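As structure tokens, the structure follows; a few thoughts come after it.
These numbers were taken from a predicted model, which means no experiment stands behind them. By convention in this document, chain letters (A, B, ...) are assigned in the order of the sequence lines, proteins followed by strands, and residues within each chain are numbered from 1.
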2 protein chains.
Amino acid sequence: MLTDRQLLILQVIIDDFILTAQPVGSRTIAKKEAVTFSSATIRNEMADLEDQGFIEKTHSSSGRVPSEKGYRFYVDHLLSPLRLSRQEIVTIRDAFNEKMMEFERVVQKSAGILSEMTNYTSIILGPEVFETKLKQLQIVPLSEHSAIAILVTDTGHVEHRAFNVPVEMKGTDLEKMVNILNQRLQGVPLVKLHEKLYTEINEMLRHHMDHHEEAFSYLRSALVEDHPTKLYIGGKTNILMQPEFRDLEKVRSLYATIEQENEMADLLRSGQEGIQVRIGQENPFDSMQNCSLITATYHLGNDQMGTIALLGPTRMEYNRMFSLMHVLSKHMTNTFRGWY
Amino acid sequence: MLTDRQLLILQVIIDDFILTAQPVGSRTIAKKEAVTFSSATIRNEMADLEDQGFIEKTHSSSGRVPSEKGYRFYVDHLLSPLRLSRQEIVTIRDAFNEKMMEFERVVQKSAGILSEMTNYTSIILGPEVFETKLKQLQIVPLSEHSAIAILVTDTGHVEHRAFNVPVEMKGTDLEKMVNILNQRLQGVPLVKLHEKLYTEINEMLRHHMDHHEEAFSYLRSALVEDHPTKLYIGGKTNILMQPEFRDLEKVRSLYATIEQENEMADLLRSGQEGIQVRIGQENPFDSMQNCSLITATYHLGNDQMGTIALLGPTRMEYNRMFSLMHVLSKHMTNTFRGWY
DNA sequence: TGTTAGCACTCGTTTTAAGTGAGTGCTAAA
DNA sequence: TTTAGCACTCACTTAAAACGAGTGCTAACA
């Protein structure tokens, strides 16, 4: 379909455009080391590449710009894996050398590093909660009529919720209730919690305790709150530095999209395992028309999977990004290995 | 110093400029209902106001723009307290009607509302932690060699930290240690925790337990982490909608400033009780030259005080902002009343 | 004496026109 | 098949002209 020469030209065009964000003309290409033929020849080849839809003109007498099809081809076939610089490797390794024991910390840090090293915006999605199970429930009385319910999962995630304690309930009652709940609920997946609490447990408490209803209903409302999969976002303002986002309107609509946490989470979840790129229109959102989204998956010990993503203009340094995300997701997976 | 007529003109200029962000000319002023005299007269008066530094021209033949001194005067003397609309009052009340038991939730919500209703950026500073005392310490073992330390304060704040458990330590040892720690540390202010752990407690454990050192050192590092006063920020991207921030460079430097959490916290803390405005240069940061920062204080039951702030261009709807922040801080204070 | 109509003037903004240059497509010769 | 050459295109820059919102000043008026 494409001759070697055309491949070379396409590669040069995209490499150059990624660097400069300026349309690439035939003369510019002719000047490159690797190119031995004249600008006229290049013009002919470019006309061909354009006919086939790999590159476009911004106007009738401009240089060429990669089309989405061009980027797609580039990513699929022309990408020369880039070795990260010593500096970059060290930066990442140092970050992960620090002792981090909590999932949130690791993820937060990863998002930070990723956005810092790329100047793009990083988005990290935690693993599905489906599998997470309740490890322990604890209640700490705060005052006469309030207490805090603390819920710890087997993944070390902690959630807490304050709730009211009815006056007629004593501290010992509360303890008793917690004991019952712990006995019955340990190991139950969080998603089943809701159901269990409303049926089985409710029934059980009725038999074992007086005036449990009110306290239990409070506690239940505290525990049952949906646990949305959280998104960790880093370098949101990096978007502002990209020349393609000079237009504030675009920035605003992109921000609006990112802030739709649910939809973003769905999008990230929908990627398959490994590294994947969505270029421009391949993204489901209008505001991401001229964006690319690179996603990579990481793993937790117990087969659970999360996603790290990088959002930038379609004109992205794909090869460096691929290497970075590869290394980073590996570090994350390593860190989590054996935790669960 | 200023005649009534001048006051009126100054007021009209500022009111109009706040609305339109455009320099206000004499004809525009003359068209207002309240103004009965001609544009020529207004021009004379404006020349006077300019001599006194209350207004400025953007160039020699432009309309007038309020100077910082003008805003300051406006805020101090011309502000007619604005009644909030039914709609606004209801919005706020509804938000606070929802049962919220945690400090974080209330603050988060407040920041959200504030930025949403104003289209400015809201920043909320929690109370000083000086007074917060440790309520209870809990440890939940996760696996053979890891556990989570959970620290609950008397204000219902929960912090948690995972740590390693050395192999030679058994579950019962851990429990024992926690018991000792709880006995000794309940009621201790968080700020003293560090010191206590390193002296007294260390000593005590040495006498009561074998090979406590390693576990304890882990636990200590988990507990002692600094507890920085957190900033809750809402509507950070609202800044982009203000015409005075068309210039991306300004936006970026302002973001950079906001992200300096420590300095921002100091700034917010430095305000006195009640509502206060810092206009333009009155702010310590260069990036806030053309910003105003309105701060208001809220109270927690136990004499602790926090600050809510609103950051926008100097051209702010001061009277509405004042009313809003007044109402909001009151709602917050009410919500917290009796919690502690 | 304070107020106002009138007018010349200022200066940022918009419009128009001309000029520039990077880049193209096509043709014809090597 | 490749390339030199050339006419052509069109965004971008620059300069000049036209516009208009707004001013300060002056002189007349109540």
Nt span of DNA chain D in reach of chain B heavy atoms at under 4.0 Å, 5' end first, is D/dA21 to D/dG24
N-O pairing of B/R43 and B/E50 below 4.0 Å: no
Is it true that A/E56 and A/R64 have a side-chain N and a carboxylate O under 4.0 angstrom from each other? no
For the side-chain contact (heavy atoms from CB on, under 4.5 Å) test, which of A/I14, A/L49, A/V24 pairs with A/I55? A/L49
Using atom NZ of B/K57 as one end and atom P of C/dC9 as the other, report the distance to the nearest whole Å. 17 Å
Just the rounded figure in Å: distance from P of C/dG21 to CZ of A/R27. 13 Å
Which salt bridge (charged side-chain N to carboxylate O under 4.0 Å, His left out) pairs, counting each pair once, include a residue from residues 7-27 of chain A, with sequence neighbours left out? A/D16-A/K32
In residues 6-22 of chain B, which residues come under 4.0 Å of DNA chain C by heavy atom? none
Residue-level proximity of residues 35-51 of chain B to DNA chain D when a heavy atom falls under 4.0 Å: B/R43, B/M46
So does B/E249 get a backbone contact from the side chain of B/D247, meaning a donor-acceptor N/O pair under 3.5 Å? yes
Who pairs with B/R315 by salt bridge (charged side-chain N to carboxylate O under 4.0 Å, His left out), at least two apart in sequence or on another chain? B/E244
Ignoring hydrogens and geometry beyond distance, is a side-chain donor-acceptor pair present between A/Y255 and A/S287 at under 3.5 Å? no
Show me the pairs that pass ring-ring contact (aromatic ring centres under 6.0 Å, His included) and involve residues 20-61 of chain B, at least two apart or across chains. B/F54-B/F73
